[in-house]
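A short write-up of the structure that comes next.
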Amino acid sequence: MSDFDFDTPVERCDTGSMKWDVASGNQIPMGIADMDFRAAPVIIEALRQRLDHGVFGYTDKTPALPEAVCEWTSARRGWDLDSTWVTTCSGVMPSIAHVLRSALQPGDGVIVHTPAFRPIVEAVLSNGLQVVENALQLVDGRYEIDFDALRVAASGSDTKAFILCSPHNPSGRVWSKSELEEIAQIARECDLIVISDEIHCEIVFPWAHFTTYAHVAHAGDRFVVCFGPSKGFNLATLRMSVTAIPHDELREGFRRELETVNADFGVNALGAVTMQAAYSSGGPWLDALASYLERNLDTLTLGLGELPKVRVVLPDASFLVWLDCREAELSDDELRRRFEDIAEVVVEPGISFGPSGSGFVRINIGTTNARVAEATERIAAIATSW
C-alpha cells in the first residue's frame with residue numbers, strides 16, 4: 001500500500017487547465033500530457049515555505065540546485081553529471097530551439113524520428129531548418145529504428161543534427177543501450193550534434209531499462225541532454241528544465257544564445273524550489289507514482305485486449321499510451337469523433353504526430369484508476385463493433 005494518495009480526484013475545472021478546459025459535458029479529458037495528481041508532499045511543503053517568505057524579486061539559482069540535479073542523475077541514472085555542464089532553462093522545448101539556433105545555420109537538416117512530437121518538428125521548421133525524417137517501423141507491436149535509413153539520412157551533406165526523443169513520444173519506447181550506441185556511432189561518423197530529449201525518462205516500467213545518451217557518448221562528442229521534473233513530477237506550469245552540455249564550445253554557444261534573448265538572467269523562484277525539492281527528496285513519491293501508473297496501464301490493456309481493431313502499443317515509459325486503430329479503417333476525423341463524441345473520451349489524435357500517426361490515438365493514463373477504468377469501458381463499448 002502506497003503512502004501517497006493517487007486515487008482521490010482533484011477538481012481541475014475553472015483552474016485554467018489546458019487539458020480540462022477542452023472537455024465538455026461528460027467527457028473524460030485524456031489528451032494533453034499532464035497528470036491529474038497533486039504534486040509530491042515534499043514539493044508542496046517546499047513551495048509553502050517559499051511563499052511564506054513572501055518576497056519574489058529577481059532570483060538566481062543557489063549552489064544547492066545544481067547539486068541536487070547532479071545527485072539525482074548519479075543515483076537514478078548512474079551518470080556523474082558535472083555541475084558546470086548544467087544550465088537551467090524554462091523548458092525542454094525552448095532549450096531545443098536555442099540549441100538549434102546557436103549551433104546550426106538556416107537550411108541545415110535535422111533528423112527526427114517519426115511519428116514525432118509536433119513541437120519538435122515545429123522547433124526545426126520555425127528556425128529555418130529542414131526536417132529529415134527517419135521513420136520508425138512498427139514490428140509486432142513495437143517500434144524499431146531503421147538504421148539503414150538513418151545512415152542515409154545522416155550522411156546527407158546538409159544534415160547537421162539529430163533530435164532524439166528518448167524515451168520516444170508518442171510510443172513510450174525506451175531505446176536499448178545497443179540502439180543508442182549505434183546512434184552515437186552514426187552521429188560520430190557523420191559529425192552530427194545529438195540533442196537527446198529525455199523529459200519522459202523519470203517514469204520507466206519494470207520491463208525496461210532507461211539509458212541516458214550520455215552513457216554512450218565519447219569524450220569530445222557534441223551532444224546535449226535535456227530533462228527536468230515537469231513530466232515525472234507533474235510540474236509543467238512551473239517551467240524549469242535542465243540542459244546539460246559537456247562539449248565546451250557547444251555549451252558556450254548555447255549560453256550566448258540565451259544571453260541574446262535575456263533568458264540567462266535569473267530563474268523562476270518557485271520553479272527552482274520545486275526542482276530542488278523533487279530531485280533531493282521526491283524519489284519515494286515518484287516510485288509510488290510509477291507503480292500506480294503500471295496499475296493504470298494494466299487496466300487499459302486488459303480492458304482493450306479483446307478488441308479486434310484497437311491495439312495497445314505497450315509503452316516502456318511515461319503515462320502516455322499509443323493506440324493502434326488502423327484496422328478500423330476510419331478517417332482521422334471520424335476516429336477522433338468516435339472517441340470524443342461517442343465514447344466521450346478526449347484523446348490526442350495520432351495524425352497530430354505526422355502522417356505516420358494516421359489511424360492512431362494517444363491516450364493519457366496519468367489520472368485516477370477509476371477514470372482510466374471508466375474511459376476503458378467507454379472505448380471498449382464503442383470499438384467492439386468496429
Side-chain angles (χ1 to χ4, degrees), residues 6 12 17-20 22-23 28-37 91-93 112-121 136 138 141-143 163-175 197-208 210 226-236 286 289-301 303-304 310-325 335-336 339-340 343 345-354 356-369 371-373 375-376 379:
F6 300 109
R12 299 188 65 192
S17 167
M18 296 173 69
K19 177 181 176 182
W20 279 80
V22 301
I28 302 175
M30 303 180 77
I32 291 176
D34 71 13
M35 296 183 284
D36 293 329
F37 308 122
V92 164
M93 287 313 308
V112 175
H113 278 150
T114 55
F117 180 49
R118 182 174 55 200
I120 290 177
V121 172
L136 298 173
L138 189 56
R142 188 168 178 80
Y143 278 101
I163 300 177
L164 174 66
C165 197
S166 177
H168 179 249
N169 180 10
S171 72
R173 175 73 154 81
V174 168
W175 308 115
D197 172 1
E198 301 183 2
I199 193 63
H200 285 286
C201 76
E202 306 292 10
I203 298 168
V204 178
F205 296 118
W207 52 87
F210 174 77
C226 300
F227 62 96
S230 61
K231 295 300 182 185
F233 287 94
N234 205 35
L235 301 172
L286 183 67
L289 171 66
S291 295
Y292 189 86
L293 290 172
E294 186 180 354
R295 175 186 166 200
N296 282 359
L297 181 59
D298 288 344
T299 298
L300 183 74
T301 54
L304 301 184
V310 178
R311 289 183 168 81
V312 176
V313 178
L314 189 68
D316 296 324
S318 188
F319 50 90
L320 305 170
V321 184
W322 195 232
L323 302 182
D324 184 353
C325 308
L335 186 63
R336 180 172 186 167
F339 271 90
E340 299 191 357
V345 178
V346 179
V347 293
E348 186 74 18
I351 193 65
S352 68
F353 297 86
S356 59
S358 180
F360 293 81
V361 300
R362 192 189 72 179
I363 189 167
N364 179 347
I365 60 169
T367 190
T368 64
N369 185 258
R371 281 198 187 117
V372 173
T376 301
I379 295 168

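In this text, all values refer to a predicted model and were calculated from it rather than measured experimentally. Sequential numbering from 1 along the given sequence is applied to the chain's residues.
- Of all heavy-atom pairs spanning L289 and G232, the tightest one is CD2-O, 3.3 Å.
- Among H200, K231, E202, the one residue that satisfies the side chain to side chain donor-acceptor pair (under 3.5 Å) test with S318 is H200.
- Counting all heavy atoms, side chain and backbone alike, S230 lies closest to I199 at OG-CD1, 3.4 Å.
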Using side-chain contact (heavy atoms from CB on, under 4.5 Å), reason through L304 and I379 one step at a time and then give a plain yes or no.
CA-CA 8 Å; L304 301 184; I379 295 168; 3.9 Å; yes
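- Remark: W322 pairs with Y143 by the side chain to side chain donor-acceptor pair (under 3.5 Å) rule, at least two apart or across chains.
- Side-chain N/O atoms of R362 and N169 include a donor and acceptor closer than 3.5 Å.
- Looking at F360 and P115, their side chains never come closer than 4.5 Å, going by heavy atoms from C-beta outward.
- Here the closest non-hydrogen pair linking V92 and C226 is CG1-CB, 3.8 Å.
- Using a 4.5 Å heavy-atom threshold, the side chains of M93 and F117 count as touching.
- Nearest heavy-atom pair, F205 versus A290, reported as atom, atom and distance to 0.1 Å: CE2-O, 4.1 Å.
- For the pair F339 and P349, the minimum side-chain heavy-atom distance is 4.5 Å or more.
- A side-chain donor from one of N369 and T299 sits under 3.5 Å from a side-chain acceptor of the other.
- Taking OG of S166 as the reference point, atom CZ of F227 lies at 13.0 Å (rounded to 0.5 Å).
- Between P315 and L297, some side-chain heavy-atom pair lies under the 4.5 Å cut-off.
- Between the H168 side chain and the T114 main chain, no donor and acceptor come within less than 3.5 Å of each other.
- D34 has its side chain within reach of R12: a pair of non-hydrogen atoms, C-beta onward, lies under 4.5 Å apart.
- Here the side chains of V372 and M30 are in contact, with some heavy-atom distance below 4.5 Å.
- In terms of heavy-atom proximity, A375 sits nearest to I28 at N-CD1, 3.9 Å.
- Taking CG from L138 and CZ from R173, the interatomic distance works out to 11.0 Å, rounded to the nearest 0.5 Å.
- Distance check, rounded to the nearest 0.5 Å: CE of M35 to OG1 of T368 gives 13.0 Å.
- At a threshold of 4.5 Å between non-hydrogen side-chain atoms, the residues R142 and V313 do not count as touching.
- For the atom pair CG of L323 and CG of L300, the computed distance is 6.0 Å after rounding to the nearest 0.5 Å.
- Looking only at distances, no side-chain donor or acceptor of W175 sits under 3.5 Å from a matching main-chain atom of L164.
- Going from atom CG of L293 over to atom CD1 of I203 covers 5.0 Å, rounded to the nearest 0.5 Å.
- Distance check, rounded to the nearest 0.5 Å: CD1 of I120 to CD1 of I163 gives 6.0 Å.
- Side-chain contact between K19 and N364: present, with at least one pair of heavy atoms (C-beta onward) separated by less than 4.5 Å.
- At distances below 3.5 Å, at least one donor-acceptor pair connects side-chain atoms of D316 with backbone N or O atoms of V174.
- At least one donor-acceptor pair closer than 3.5 Å links the side chain of N296 to the backbone N or O of T367.
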